[in-house]
K.L.:
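What follows is a single structure, and I will ask about it in a moment.
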There are 2 protein chains.
Amino acid sequence: MPDVAADRRVRRTRAAIQRALLTLMAEKGYEAVTATDIIERADIGRSTFYTHFSDKQHVLYDSLDDLGDFLRDQRPGHDGVLGFGLALFEHVDEQRDLVRVLLGRRGGHVVQDRVAHLLAELVREDLAPLAAAAPDVPLDLVVTGVVGTYLALLRTWADSGTTWTPAEMDDAARRLLAPGLAALLAPVTA
Amino acid sequence: MPDVAADRRVRRTRAAIQRALLTLMAEKGYEAVTATDIIERADIGRSTFYTHFSDKQHVLYDSLDDLGDFLRDQRPGHDGVLGFGLALFEHVDEQRDLVRVLLGRRGGHVVQDRVAHLLAELVREDLAPLAAAAPDVPLDLVVTGVVGTYLALLRTWADSGTTWTPAEMDDAARRLLAPGLAALLAPVTA
DNA sequence: CCCTTTCCCGAACAATCTGTTCAGGAACGG
DNA sequence: CCGTTCCTGAACAGATTGTTCGGGAAAGGG
């Protein structure tokens with residue numbers, strides 16, 4: 001397990017591997033990509049690959065962690081509930097080539113799970129302030145449902161041609177979820 | 001490609017194969033099951049397997065089609081929007097051992113996609129009558145979002161211990177989605 | 001009950017992929 | 001400049017996939 005930070009060769013190698021995987025995923029989808037593919041595309045020795053990553057999956061994990069950090073930094077505080085939505089769709093729209101490959105049907109379930117976790121944290125933070133006086137339905141279930149909605153919308157968006165704008169996607173999500181959330185999380189206030 | 005209907009041997013073989021896959025999925029999850037595993041578990045010849053199914057995936061497809069037919073038959077007309085929900089959760093609860101394996105995290109994305117299609121049809125039929133006067137947001141997006149919610153709830157339900165009852169699950173889904181749907185699909189009526 | 005059709009068997013095989021090992025050469029950083 | 005660390009690449013054992021083929025066995029119609 002080479003030292004990541006210090007050596008330039010290490011950085012170079014790891015970057016090449018991750019770049020190779022993402023490129024190949026865009027061409028064949030996650031499942032179809034093989035470790036040998038990555039090795040050839042990255043143009044490195046076979047043993048080199050396995051000293052850095054135990055698995056094809058772990059290459060993906062590292063990439064997703066990077067993506068998660070990026071998403072987390074860019075998050076702005078929008079208005080009201082589900083304020084993160086528009087920013088999310090806009091970001092996905094910008095990072096089209098990458099994120100769409102990850103989220104689309106060709107991305108593989110590993111990605112889905114990872115992204116679902118990421119989103120769940122965002123949603124939970126978003127809903128927590130309002131959830132104080134709402135023991136009616138478990139917050140966990142609400143978060144799960146909301147994340148499911150967003151993820152489903154993101155996936156179809158990623159897979160289909162870009163007919164809809166980020167704003168339209170966010171609008172659809174809001175209109176579908178906001179009323180129910182309002183009723184659930186502030187039953188007395190209204 | 002053997003004749004399915006006529007010959008008893010064919011029925012026997014196919015049944016054994018499908019049973020083997022589902023059993024193995026319950027033990028290892030879909031991804032981890034190999035064609036060789038199925039062959040050994042079903043106790044059939046290797047060539048026999050490949051004359052019936054080209055793939056591990058296609059074994060699953062057939063099983064899911066059967067499940068889909070079953071679900072479709074059992075569907076009752078409940079009250080109002082999302083009336084299928086309770087029946088869905090109840091069915092999943094009954095067929096626990098099978099459906100939970102299919103829908104859970106160990107099920108594999110192939111299952112998810114297939115089930116998503118199944119649910120999409122149900123939801124679309126459910127929403128169609130109300131969608132006449134609602135050009136505001138594309139029905140496709142609404143259906144996608146709703147299916148995403150239900151699927152997400154089903155998945156966490158399947159993966160976690162059975163703390164919640166089918167009624168509670170359905171209640172959560174309804175409360176989250178129904179208000180938004182009402183506003184979306186009948187903007188004038190209300 | 002018989003006989004033709006149809007299916008099953010299972011070993012053998014080529015092809016692909018995985019993950020590991022190791023000795024020698026190359027690049028790195030201090 | 002020099003010791004440390006990394007990369008190489010071939011070679012390998014093991015697993016998996018999907019195909020082929022010559023019997024042998026079961027099925028079901030007549």
Side-chain angles (χ1 to χ4, degrees), chain A residues 1-64 106-111, chain B residues 1-64 106-111:
Chain A
M1 47 202 91
D3 191 344
V4 184
D7 205 310
R8 182 191 307 149
R9 291 169 294 182
V10 177
R11 289 192 300 267
R12 233 201 283 247
T13 302
R14 296 182 74 94
I17 291 176
Q18 299 197 345
R19 202 183 320 128
L21 173 57
L22 293 176
T23 308
L24 286 164
M25 280 182 63
E27 301 171 4
K28 306 204 270 177
Y30 175 75
E31 310 280 3
V33 176
T34 155
T36 304
D37 286 340
I38 301 175
I39 290 167
E40 288 175 352
R41 178 66 60 95
D43 193 28
I44 59 173
R46 181 168 202 75
S47 58
T48 305
F49 174 86
Y50 281 105
T51 52
H52 285 282
F53 300 94
S54 60
D55 230 40
K56 178 178 91 179
Q57 269 196 28
H58 285 81
V59 183
L60 185 63
Y61 282 160
D62 276 24
S63 299
L64 284 180
R106 303 158 63 79
H109 67 120
V110 186
V111 192
Chain B
M1 49 204 90
D3 190 344
V4 183
D7 204 311
R8 183 191 309 148
R9 292 170 293 183
V10 177
R11 289 193 299 267
R12 234 201 283 248
T13 301
R14 296 182 76 93
I17 291 176
Q18 299 197 347
R19 202 182 322 129
L21 173 58
L22 293 177
T23 308
L24 286 165
M25 279 182 64
E27 299 171 6
K28 306 204 271 177
Y30 175 74
E31 311 279 2
V33 176
T34 154
T36 303
D37 287 339
I38 301 176
I39 289 166
E40 287 175 354
R41 178 66 60 94
D43 193 29
I44 59 173
R46 181 169 201 77
S47 58
T48 305
F49 175 85
Y50 281 105
T51 52
H52 285 283
F53 301 94
S54 60
D55 229 40
K56 177 178 91 178
Q57 270 198 26
H58 285 81
V59 182
L60 185 64
Y61 282 160
D62 276 25
S63 300
L64 285 180
R106 303 159 62 80
H109 66 119
V110 185
V111 192

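No hydrogens, no waters, no symmetry mates; every other heavy atom, side chains included, goes into these values. Every chain is numbered from 1 and lettered A, B, ... according to where its sequence line falls, protein lines coming before strand lines.
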K.L.:
Look for any protein N or O under 3.5 Å of an N or O in nucleotides 23-25 of chain D and output each such pair with its distance, or none.
P.N.:
none

K.L.:
Would you jot down, in residue-number order, the residues of residues 11-27 of chain A having a non-hydrogen atom under 4.0 Å from DNA chain D?
P.N.:
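Close to the strand are Thr13(A).
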K.L.:
What is the separation between atom CG on Asp7(A) and atom C1' on dG30(C), rounded to the nearest whole Å?
P.N.:
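Interatomic distance, CG of Asp7(A) to C1' of dG30(C): 12 Å.
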K.L.:
Measure the distance from CG on Asp43(A) to C1' on dG9(D) and round it to the nearest whole Å.
P.N.:
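These atoms are roughly 12 Å apart.
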K.L.:
For residues 16-23 of chain B, please give each side-chain donor-acceptor pair under 3.5 Å, one per line with the distance, not counting sequence neighbours.
P.N.:
from: Thr23(B); atom 1: OG1; to: Arg19(B); atom 2: O; distance (Å): 2.7

K.L.:
Let me know the distance between CD of Gln57(B) and P of dT17(D), rounded to the nearest Å.
P.N.:
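For the pair Gln57(B) CD and dT17(D) P, the rounded distance is 12 Å.
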K.L.:
Reading nucleotides 13-22 of chain C from the 5' end, what letters show protein touch, with B for base, S for backbone sugar-phosphate only, - for no heavy atom under 4.0 Å?
P.N.:
----SBBBBB
K.L.:
Under 4.5 Å between any side-chain heavy atoms of Gln57(B) and Leu60(B), yes or no?
P.N.:
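Result no, sub-4.5 Å side-chain heavy-atom pair not found.
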K.L.:
Are Arg14(A) and Arg9(A) close enough that some pair of their side-chain heavy atoms sits under 4.5 Å apart?
P.N.:
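When only atoms from C-beta onward are counted, Arg9(A) and Arg14(A) do not touch, as no gap falls below 4.5 Å.
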K.L.:
Report the distance from atom NZ of Lys28(B) to atom C1' of dA15(D), rounded to the nearest whole Å.
P.N.:
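Taking atom C1' of dA15(D) as the reference, NZ of Lys28(B) is at 12 Å.
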K.L.:
Atom CZ of Arg8(A) and atom P of dC28(C): how far apart are they, to the nearest Å?
P.N.:
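My rounded result for the distance is 5 Å.
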K.L.:
Quick one: list whatever passes salt bridge (charged side-chain N to carboxylate O under 4.0 Å, His left out) with Arg11(B), sequence neighbours left out.
P.N.:
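If we apply the salt bridge (charged side-chain N to carboxylate O under 4.0 Å, His left out) test to Arg11(B), skipping adjacent residues, there are no hits.
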K.L.:
Checking Glu40(A) now: which residues fulfil salt bridge (charged side-chain N to carboxylate O under 4.0 Å, His left out) with it, not counting sequence neighbours?
P.N.:
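If we apply the salt bridge (charged side-chain N to carboxylate O under 4.0 Å, His left out) test to Glu40(A), skipping adjacent residues, there are no hits.
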K.L.:
Rounding to 10°, can you tell me the angle the first-five-pair axis of the helix from dC1(C)-dG30(D) to dG30(C)-dC1(D) makes with its last-five-pair axis?
P.N.:
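Axis-to-axis angle, ends of the helix: 40°.
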K.L.:
Take atom CD1 of Ile44(A) and atom P of dA27(C), then tell me their distance rounded to the nearest Å.
P.N.:
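For the pair Ile44(A) CD1 and dA27(C) P, the rounded distance is 17 Å.
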K.L.:
Hey, can you pull the donor-acceptor pairs under 3.5 Å for the side chains in residues 29-38 of chain B, sequence neighbours left out?
P.N.:
from: Glu31(B); atom 1: OE2; to: His109(A); atom 2: NE2; distance (Å): 3.1
from: Thr34(B); atom 1: OG1; to: Thr36(B); atom 2: N; distance (Å): 3.1
from: Asp37(B); atom 1: OD2; to: Lys28(B); atom 2: NZ; distance (Å): 2.6
from: Asp37(B); atom 1: OD2; to: Thr34(B); atom 2: N; distance (Å): 3.1

K.L.:
Which pairs would a plain distance check flag for residues 42-55 of chain A, meaning a side-chain donor or acceptor within less than 3.5 Å of a matching protein atom at least two apart in sequence or in another chain?
P.N.:
from: Thr51(A); atom 1: OG1; to: Ser47(A); atom 2: O; distance (Å): 3.4
from: Thr51(A); atom 1: OG1; to: Thr48(A); atom 2: O; distance (Å): 2.6
from: Ser54(A); atom 1: OG; to: His58(A); atom 2: ND1; distance (Å): 3.3

K.L.:
Does His52(A) place a side-chain N or O at less than 4.0 Å from the phosphate oxygens OP1/OP2 of dC6(D)?
P.N.:
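No, no such contact exists.
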K.L.:
Can you sort out the partners of Arg12(A) under salt bridge (charged side-chain N to carboxylate O under 4.0 Å, His left out), two or more places apart, ordered by chain and number?
P.N.:
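Residues passing salt bridge (charged side-chain N to carboxylate O under 4.0 Å, His left out) with Arg12(A): none at all.
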